[in-house]
Structures are given as structure tokens and as C-alpha cells.
K.L.:
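Take this structure, written in C-alpha cells, and hold onto it; I'll ask about it next.
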Amino acid sequence: MASAWRKLKKSLIMKISTHRDDDRRRSSSSSSSSANGIVSSPSPSSVSRSSSRLSYSFSFQSSKTCAICLGSLKKGEGQAIFTAECSHHFHFNCIATNVQHGNRICPICRSEWKDIPFQAPGSANDFRNNNSTILGFRHNWHPPSLPVLETDQFSLEEPLSATHVAPAPSTCSQPITIKALPEFPAVLASDAVSKFPVLVGVSAPPFHVDVRHFNRAPIDLVAVLDVSGSMSGKLSLLKRAVCFIIQNLGPLDRVSIVTFSSSARRIFPLRRMRGSGQDDAISAVNALSSGGGTNIAEGLKKGVRVLEERHEQNPIASIMLLSDGHDTLNDDTRSLYRNVQNLTSNPNYSLQYLYLLPASICSRNTASGNEARRLSIPVHTFGFGSEHDSNAMHAISDLSGGTYSFIETVDNLQDAFARCIGGLLSVVAQDVRLTIQSLSRGVQIGSIHSGRYKNEIFNLGQKATIDVGSLYADEEKEFLVYVSIPASSRGEGEAKLDHMSLLEVLCSNKDSTSSEIVESRRERVVIRRPKVLSPTDKMVCLEVDRQKNRLAVADAIATAQRMAELGILDHAQAVLSEQKTTLLSSVSAQAGDDLCKWLEKELTETAQRMATLQLYEQSGRAYVLSGLSSHSWQRATTRGHSTTILPGEGANGINSYETPSMISMVSKSQCLNGGPSQQPQMVTKSCSLTPRHK
């Protein structure tokens, strides 16, 4: 038998060398003999010795030549290519035919496959007739439990509904509300102010029905899930959380599932969540198993490919990335993550990290002179447990325009997913842009504090824009615009009325369901310029003051985190304590403002998690980065062990960024889990005036 295999080896080597000269002719003529010779193996004992020597003979060709038909494996020749878990490549049709005969052994290295290709039948009748013999199993075979074959092109998406045309106007077509408020209603006519704060904000319209049945924009969602060995004890909770997402999507929404361990695979193509699509997605999730290393970068790349290679697109697209560990397959990432605390304070870090991320979620490959949009595919990351790489997860979400949630205990995983999906399923406006225009001579826009939202000032401070992107129903975004105000001139027409127009604010957006461009009513900021200030003129706008407090607290926490990374915990505690004192002495805090109470609790919790270096490494870093993500995008995230960001002293907690649709989805999750369905207290906002303090 060994002699026969040596002859076969010699014959194959001669065929391979000849095949180089005439690829197409040899591919067709040698397919039957070579396929039979390699696949129809004699006995396992003799094959293991002979085939191991044979594999070395053409291993140099295995990446370019199909070992079954000896045809070329070059891309673009009209044949799908299958990559086995042992990293050997074959034509899909060749290996699928081979597997149909019950052979689960690699023809090259003889390793046994766990994941095998599946070739769908041409019709439903063929499927019913053949499902008993496919892959050599006659019973207990269920199609959805098998992973879908990942071909060289991700072209197995389910088309969008042909009946899904522009919907009729609904509540989401209501215009966005603009607010524009000065810190003080008046400035002395003789005074020139270099940095006068003006609050500019937008509020999305509400809706008051279940997001599954609301006339909303459908979503294309890709779940990128860690199934490495460390997930073994958490896999059941992960399955339940992902199934919760699937069950709460509408019939026009599409979902794809990508898993990663040492490598990454798309186990479920982009399909609509209706009928069999929903059932098949749940079956694919329930079939997940854990094992191997952690390759976050590869999983993210594959998830991005699913969305990049779509033939049709739903209006909303997003990725949810979950992991409980460090990327063990990209050794250089840890050194890159170690020196980063906040991307906004360390822009050079992004230049180092970009090469690990797909171009679709960062702007590294932008053509010269054309600045890329902030993000077309936001990635919402979820890290749970004390061992996950919080710096990496925060960096990925921050670069892409998504949020980073820290899940301290896996019991809260489903609630964290529910909060995120509650927002994604309530998008009412896209491409939201604020345009701010100076209205008086000498009034110049100096700076804009907009977190991670891109802003631009041009025309020598006469005009500015803020790109907000998408808005969830009932969501609010607020920004501080600092302007310089000159001393009032008697020659100006407004001087007789003792008024000065500072700014005009306009908001434009694309309606998420009709794709129509909508413009909101313009808002003007006007102040008085009296010779003498009255008591009313000295009243501080609480909304401006509370926004200044929010930004100051976020900056203090970022500063404390940088010190904690250096091990200077006493300095970090001092920064937090000083900011807490400043916060409590502010006019909005003394007026009992809810947001200030929430910020005080956040400072206290942050200080507690920075009490020791061990505690900071265990949970403090992740807690802080999740909070910075929330403040940067003014969007709710899950932090720590609680389903509400910061639990209050009573039954309710306060979450300043949570929307009603998020609260509703979290409540539904908690009801299914048998836990308490507590509605977090929404922060109330009012435009009150409080006397200024000299």
C-alpha cells in the first residue's frame, strides 16, 4: 500500500508541474482521477503516514491550486473558494461534493473538520428529497443549525422588501426642535466680552408606540461575537441576549452574525427578521460553541465586510461588537492601547491604531483634500468582566462613532444589549447638521465644545457647523458655543433698542423614513445692551450653567484617569474632589438641578473605583472609559454592575442620556429575565434663570 501511495505522490507532482503550463486544460482532464485518488482514502492508519508525506509535496501549491481538481484558486475566475479551519483552500463545488459523501477529513493534512461546507439545494423539493443524505447524515439534521458557508464574496444577503417604498408621513417626520440660549440675557453696552457662552441644542421628535410596529427606518445590524475559550461559562447568557435582539427586530430589519475566536467567520448572512429568517437566526445562535484564542481585529473586519458588500442597504447600519478578553492574535495591540486614556486628548494615538481597523470605520484612506465623513458604520462595543481590553473597546467605538459599554457582570448583558437596540430602532433623523451664523458686526465665533461631534468654524468666525449625525426619538444634544462680543456702538441700528442679535441657528437633516431633507425653524440669540444692568439682567440661565458643569466634570474625570494610568492615585483623587466642590457651589446645583445630582454621583463612584491601583485595574478603567464615551457622544451606555448608569438612593436611578425607547426595551428585557422592571428617572430640563454671582 505504501508503494502505491509513493507512485501516486510522484504522479501528482508531475501533474502539478505540468498544470502550471496549461492550467485550464489540465484542470478539466485531471479532476476525476486526482479527486478519486485523494479523497477515496484506504485505511486511516496507512493514510496518516503516507498522506502526511504527500501533503509536504504540494503544500507550496495548496494556496494556489485546488487539491481536488488541481484547478486554479485565483480570485475572479467565477468560482467560489472555501477556506477550511485548517487554512487549506478548495473550490467550493469540489469540497461540497466531497463532503456530501460523508468525508469530513481534509484531503491535504487529514485533519478532521468541525465546520463543514453546506451546499443548499436548488429548490425546496430538492431540499426535502436530499436533506436526509447531505453530509452523510440521515436523521437529526436541521439546516439552520449548520453555519452558512462563507464564500469569497459576501453576496448571500436577503434582498430588501420590494414593497418597502417611502412610507407615509408619520410622527418621525416632525421637525427637530432647536434651542439657543445665552448665559445671561444682557451685557453692559460699554463691556466687550471675549468668551460669552451660548447654549445651542437640538431635540428629536418623540413617538409613543412599540418600536417594532412604529413606522420607522429599518436597520442592517451585524453582531460580532467573541466565542473564544474564555466565553465558555458565559455562552448561554450571550445566546439569550442575542436572541432577545433578534426577537425584537421588525420584519424589515436584517441581521447578520459573525463569530470570532482564533479566526473569524460569518455564520449567518444578512437576512430579514421575519418568519423563517428569525427562526434560522435563533438556531444559528443556539448552535454557537466556544474555544480558541481571541482575534478582535479579524472579527471586526469580517463584520465590516458584511455591510460593505451589500447590494441593497437599509437606511440604518450598525455593528455590535462584544468581547470578554484581549486580542491574543495581534500582539502589538497592547502596547498601542496602554498609552491611551482618551482619544480626544491624544490624537496621535489614532494614527497608530488605524491600521488595525477597517477603512470603513476610520478616515485613514481619505483622498487628499477630501475630508471623510465622521463614520458610516458605527460600532457599539460591549466589554464584560474584569479581563476585557477596555482601552481597545473604547478606542474602536470612539473612532467609529459608536458607544462603549462596560458590563461588570454577565447577568446584565441582555439589558445592555436592550439599551443599545432600543436606541438603534428609534432613529428618526440622519445627517443632522447645525449651522450657526453671526448676525452683528464684531460678533465672532471663537470655539465650540461639541465632544466627539465634528465642528468647523470658518469665514473668520462668522459661520460654524456642527455635524450631529443621527438622532434617536426624544434624544437631545447640547453644545456650548463661545462668541466674542464687542462694546456696543451707538451708530448701530440696534443701539436705540438696546438689543444686539448675536447668532442665528439653523438645523437641517434627512428624515430617516422618507429620506426627505427637512429644515427646522431658525432660532435667533438676542441679548440686551443696557447702560446699567438690572437684577433680571444678572440672572444666569440654568441650562447653560448645567452644560458647563457637565463638560467640566467630564474633563476632570479624563484628567484623573490619565493620572491613574501613571499610578498617581492621590493626584487623581484630588482632581475629582476639587471638581466635586466646584460642582456643588454652582448655581444650577444649588437650585437642585437633577443633572448636577447625577454628576455628583458619578464623581463619587469614579473616586471609589480609583481608591487603589488594583481596584482601578479591575473595574475603574473600564467604568471611566464607558463614562467618557457616554459624555463624548451624549448617548447612554451601560456602566458597571447596574442596569441604570448610577442607581439613586431610592428605587429609581438617574440617567441623563437615556431615551424613552431605551427605557422601554430595558424594561422588557428585565421582565423576561424575571427581574425588577424599574424605570430610571429621566433628568428634567428647564430654562430657568438664577442670579449671577460676582
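Residue numbers run from 1 in the order of the sequence given.
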K.L.:
Given 3.5 Å as the limit, does a donor-acceptor pair link the side chain of Thr381 with the main chain of Ser397, or not?
P.N.:
no
K.L.:
Tell me whether Lys302 contacts the main-chain N or O of Arg265 through its side chain, where contact means a donor paired with an acceptor under 3.5 Å.
P.N.:
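Absent.
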K.L.:
So which atom in Gly423 and which in Tyr472 form the shortest heavy-atom distance, rounded to 0.1 Å?
P.N.:
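Minimum heavy-atom contact is O-CD2, 3.0 Å.
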K.L.:
At their closest point, which heavy atom of His394 faces which heavy atom of Leu625, and how far apart are they?
P.N.:
CD2-O, 3.5 Å
K.L.:
Judged by atom type as modelled, is there a donor-acceptor pair below 3.5 Å linking the side chain of Asn412 to the main-chain atoms of Asp415?
P.N.:
no
K.L.:
Answer yes if the side chains of Ser262 and Asn295 hold a donor-acceptor pair under 3.5 Å, and no otherwise.
P.N.:
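Short answer, no.
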K.L.:
Is there a donor-acceptor pair under 3.5 Å between the side chain of Ser261 and the backbone N or O of Gly293?
P.N.:
no
K.L.:
Would Arg254 and Leu221 satisfy side-chain contact (heavy atoms from CB on, under 4.5 Å), going step by step from the backbone distance to the final call?
P.N.:
CA-CA 6 Å; Arg254 298 190 298 177; Leu221 179 66; over 6 Å; no
K.L.:
Provide the closest heavy-atom pair for Ile219 versus Asp253 in the form atom of the first, atom of the second, distance.
P.N.:
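Reported closest heavy-atom pair: N-OD1, 2.8 Å.
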K.L.:
Within the side chain of Glu312, is there an N or O that forms a donor-acceptor pair under 3.5 Å with the backbone of Leu160?
P.N.:
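Yes; at least one donor-acceptor contact below 3.5 Å.
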K.L.:
Identify the two heavy atoms, one from Leu307 and one from Ala317, that lie closest to each other, and give their separation to 0.1 Å.
P.N.:
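Scanning both residues completely, I find the closest heavy atoms to be CD1-CB, 4.3 Å.
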K.L.:
How about Gln414 and Ser669: does a side-chain donor come under 3.5 Å of a side-chain acceptor?
P.N.:
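A pair is found: one side chain offers a donor N or O, the other an acceptor, under 3.5 Å apart.
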K.L.:
I'd like to know whether the aromatic ring centres of His388 and Phe406 sit less than 6.0 Å apart in this structure.
P.N.:
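Between Phe406 and His388, which both carry aromatic rings, the centre distance is below 6.0 Å.
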K.L.:
Are the side chain of Thr637 and the backbone of Ser405 linked by a donor-acceptor contact shorter than 3.5 Å?
P.N.:
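No, because the side chain of Thr637 does not come within donor-acceptor range (under 3.5 Å) of the backbone of Ser405.
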K.L.:
Is it true that the side chains of Ser228 and Thr294 contain a donor and an acceptor less than 3.5 Å apart?
P.N.:
yes
K.L.:
Is Lys239 reaching over with its side chain to a backbone N or O of Leu288, donor-acceptor style, under 3.5 angstrom?
P.N.:
yes
K.L.:
Could you give me the CA-CA distance, side-chain angles and deciding distance for Ile296 and Asp226, then say whether side-chain contact (heavy atoms from CB on, under 4.5 Å) is met?
P.N.:
CA-CA 8 Å; Ile296 298 175; Asp226 186 345; 5.6 Å; no
K.L.:
Keeping Trp633 on the side-chain end and Gly402 on the backbone end, is there a donor-acceptor pair under 3.5 Å?
P.N.:
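Yes, the answer is positive, given that a donor and an acceptor are paired below the 3.5 Å cut-off.
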K.L.:
Okay, side chain of Asn314, backbone of Ile316: is any donor-acceptor separation there less than 3.5 Å?
P.N.:
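Looks like no, no N/O pair under 3.5 Å.
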K.L.:
With ring centroids as reference points, do Phe417 and Phe382 lie under 6.0 angstrom apart?
P.N.:
yes
K.L.:
Taking the side chain as everything from C-beta on, heavy atoms only, tell me whether Val285 gets closer than 4.5 Å to Ile246.
P.N.:
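A side-chain contact exists here, since the closest heavy-atom pair is under 4.5 Å.
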K.L.:
Has Asn286 got a side-chain atom pairing as donor or acceptor with Ile282's backbone, closer than 3.5 angstrom?
P.N.:
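Such a contact is found between Asn286 side chain and Ile282 backbone.
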